[in-house]
Amino acid sequence: MARRRKVYEGKAKVLFEGPEPGTLVQYFKDDATAFNNEKQGIITGKGVLNNRISEYIMTRLSEIGVPTHFVRRLNMREQLIREVEIIPIEVIVRNVAAGSITKRLGITEGTPLPRSIVEYCYKSDDLSDPLVTEEHITCFGWASPSELDEVMSLALRINDFLYGLFIGVGIRLVDFKCEFGRLYQNDDVRIVLADEISPDSCRLWDIESNEKLDKDRFRRDLGGVAEAYQEVARRLGILPEGGPRDLKGPAIMQ
Ligand code: UDP
């Protein structure tokens, strides 16, 4: 295949020009970063697993009517996506206290939240993605009030659906981050789920043991990072017998 032109390179993914206008190819790397790039590493096989897990989650979400940028997986590390204008906000939904909220508000990790909380961070590496309010988002024009309503309602729908999906395979969805973009089609503009949803962007704990099956294993040097991502794929029924090397087609197991 001819080399495609690189459009953007992030910490864990690269975007290339797609085969048709309005499409991009999203390539999943094995690179991992944490604490705003202070910690860096390679998790062998992570890109393959995240490509497959994100494909699975985006597909399930689109089946319940959540619009996404995902078109189809192309190969082990690449997926075809629709080109969107990314809203520069990380939307975080929390069900259980973990990570930054525990430090910010002095809440013990693992405390169940009486209701799900949605938080917004402004996407800026220079500023370390600061927490912002809806007021900041609309005041600085990062999203309009109606776009933000749509973002919040989609984020909560995604949370409700994924919480149930993961409970079904013995995993607690503690929190996750998602991003949205504007999809321009003809004269129409729609807000769609973009980026990825994977163990890089979720906290996933085993329901019985509370074992961490996500990027916190890398952040906290707990070891077994790739094995944990593989376990998530296995429980979702998308890891073929031969392991990540065999991740060629959708081999759904019950
Ligand atoms: N998260 C992410 N990218 C970021 C920041 C957070 O994917 O740049 C995810 C993180 O994996 C977790 C959730 O968002 O599932 C909430 O993260 P938190 O605010 O607790 O920040 P952290 O403790 O990860 O720095």
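Not measured: the values here are computed from a predicted model. Numbers here are sequence positions counted from 1. Both counts, for ligands and for their atoms, begin at 1 and track the order of listing.
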Problem set entry | Residue, atom name and distance, where the atom is the protein heavy atom closest to atom 4 (C) of ligand 1 | E90 OE1, 3.4 Å
For this session: Say whether V174 and ligand 1 are in contact under the criterion: heavy-atom distance to a ligand atom below 4.0 Å.
Result: no
Exercise. To which of R219, R94, E179, R203 does the heavy atom nearest atom 11 (O) of ligand 1 belong?
Worked result: R219
Problem set entry | Check: V71 and R82 side chains under 4.5 Å, non-hydrogen atoms | yes
Problem set entry | Close approach, A98 and ligand 1, non-hydrogen under 4.0 angstrom | yes
Exercise. Nearest to atom 3 (N) of ligand 1 by heavy atom, E196, K215, K177: which?
Worked result: K177
Exercise. Should the pair F140 and H136 be assigned to parallel (<30°), tilted (30 to 60°) or perpendicular (>60°) ring geometry?
Worked result: parallel
Exercise. Is there a side-chain contact between E147 and E150, using heavy atoms and a 4.5 Å cut-off?
Worked result: no
Exercise. Hey, is C202 touching ligand 1 through its side chain, its backbone, both or neither, going by heavy atoms under 4.0 Å?
Worked result: backbone
For this session: Starting from atom 21 (O) of ligand 1, locate the nearest protein heavy atom and write down its residue, its atom name and how far away it is, to 0.1 Å.
Result: S100 OG, 3.7 Å
Exercise. So, K13 and D31, do they make that salt bridge, N to O below 4.0 Å?
Worked result: no
For this session: State yes or no: do M58 and L165 share one hydrophobic cluster built from I, L, V, M, F, W and Y residues joined by side-chain heavy-atom distances below 4.5 Å, directly or via other members?
Result: yes
For this session: Look at atom 25 (O) of ligand 1 and say whether a protein heavy atom is found at less than 4.0 angstrom from it.
Result: no
Problem set entry | G99: numbered ligand 1 atoms lying under 4.0 Å from its heavy atoms | 20 (O), 23 (O)
For this session: Find out whether the Lys NZ or Arg CZ of K39 is both under 6.0 angstrom from the six-membered ring centre of F218 and within 45° of the ring's axis.
Result: yes
Exercise. Under 4.0 Å from any heavy atom of D129, which atoms of ligand 1 are there?
Worked result: 8 (O)
Exercise. Looking at D200, which atoms of ligand 1 are within less than 4.0 Å of one of its heavy atoms?
Worked result: 7 (O), 11 (O)
Seminar exercise, completed: If you scan protein heavy atoms around atom 12 (C) of ligand 1, the nearest is D175 OD1, 3.1 Å
For this session: Indicate, with yes or no, if I57 and L80 share a hydrophobic cluster defined by side-chain heavy-atom contacts under 4.5 Å among Ile, Leu, Val, Met, Phe, Trp and Tyr.
Result: no
For this session: Describe, in one word, how the ring planes of F16 and Y27 are oriented to each other, choosing from parallel (under 30°), tilted (30 to 60°) and perpendicular (over 60°).
Result: perpendicular
